[in-house]
Amino acid sequence: MIDRLEAIQKEAHEAVQTAGDLKTLEDLRVKYLGKSGLVTEILKGLGQVPAETRPQVGKACNEMKNKITLQLDLKREELEGKGSVVTPREWDPTLPGRVTPLGKTHPLTAVQKEICDIFKGFGFDLAEGPDVESDYYNFLALNFPPDHPARDAQDTFYLGRDVLMRTHTSPIQIHVMEKFKPPHKFVAPGRVYRHEAIDATHHHLFHQVEGFLVDEGIHFGHLKGILDSFIKKFFGPRIKTRFRPSFFPFTEPSAEMDISCVFCEGKGCRICKQSGWVEMMGCGMIDPAVFKNCGIDSEKWTGFAFGMGVERVAMFKYDVDDIRLFYQNDLRFLKQF
Ligand code: PHE
């Protein structure tokens, strides 16, 4: 029975393919699917088929009917000239093309690069270090005493007793001093991690650019000059800088650098809380204790270091008031840069 069905189907397929006009095609439809057509007759006679093979034969019959119907339909479309192939006349060259969406650099990546490029222009090299650090590089070598609060698990993500996610990019100073002899002059961008509650100005992951310069005869005036030039290149020549005394274990003296508010140019506004100044970064002269940890003679060499938060710089550059926006990857936000 199944063999017979296959033979009919093959015969029907060949006949349909060679049909040259609609009349022949209609005759074929009647021959196979008409009231007393071949396929119809077989379907009618299904009752005589032994019960065990009936479901199988019935299924094959229906498939055959569907196939022949489809072939007839396709052939009819072809003969009627309604094929699915687009003829040249139907192609409209005035329709707008399809736009391929293009990605672009994330604002944080762009700002980080802009910062580093300015320092490269001042002759600084680029350095980097690992995100996972030991207590030694992140704290001890940088002159943090063993009981310093920053070492508290409240502020630091520990992976083991002595292994942690770096809380700042300053450990890169130590790696570079261990590997190379002075003089040094580099900037080092990277991710840093702090065990902090997230809000509009804090995130547990953010980015810093570290700066480091060691040579003979380097003094605080060099630090001020370089950072002031950087700010004027980045934010524009009208922005002023000022340095306030501060404290970091690895710099002495240490300072906090403020810049005149980029929004009100020092007149006082909501962003600078009417003070005219905003805090920009920590900096200072390298503490002789840090030189000693790296076997460098602090009588001969002096230098300065600074560290700035990329998010903070980007928030001032683009007037973004919530750090979380940089991490939500909402295209409506990202498209603006
Ligand atoms: N590492 C400091 C911080 O994360 C910033 C800093 C870097 C300060 C270099 C002074 C010198 O807060």
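Numbering of ligands and ligand atoms starts at 1, following listing order.
Side chain to side chain, Glu133 and His175 meet the donor-acceptor criterion of an N or O pair below 3.5 Å.
In this view, Leu95 and Asp92 satisfy the side chain to side chain contact (heavy atoms under 4.5 Å, CB included) rule, not counting sequence neighbours. Applying the side chain to side chain contact (heavy atoms under 4.5 Å, CB included) criterion to Asp152, with sequence neighbours excluded, gives Gln154, Asp155.
The salt bridge (Lys or Arg N to Asp or Glu O under 4.0 Å) analysis of residues 266-292, with sequence neighbours excluded, yields the pairs Arg244-Glu279.
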Please tabulate, one line per pair, the protein nitrogen or oxygen atoms found under 3.5 angstrom from a nitrogen or oxygen of ligand 1, with distances to 0.1 Å, or say none if there are no such pairs.
from     : atom 1 : to     : atom 2 : distance (Å)
ligand 1 : 1 (N)  : His168 : ND1    : 3.0
ligand 1 : 1 (N)  : Ser170 : OG     : 3.0
ligand 1 : 4 (O)  : Arg194 : NH2    : 3.0
ligand 1 : 4 (O)  : Gln208 : NE2    : 3.0

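In this structure, Lys23 places its NZ atom where only 12 or fewer heavy-atom neighbours from other residues, nucleotides or ligands lie under 6.0 Å away.
Geometrically, Lys317 engages Phe234 in a cation-pi contact defined by less than 6.0 Å to the ring centre and at most 45° from the axis.
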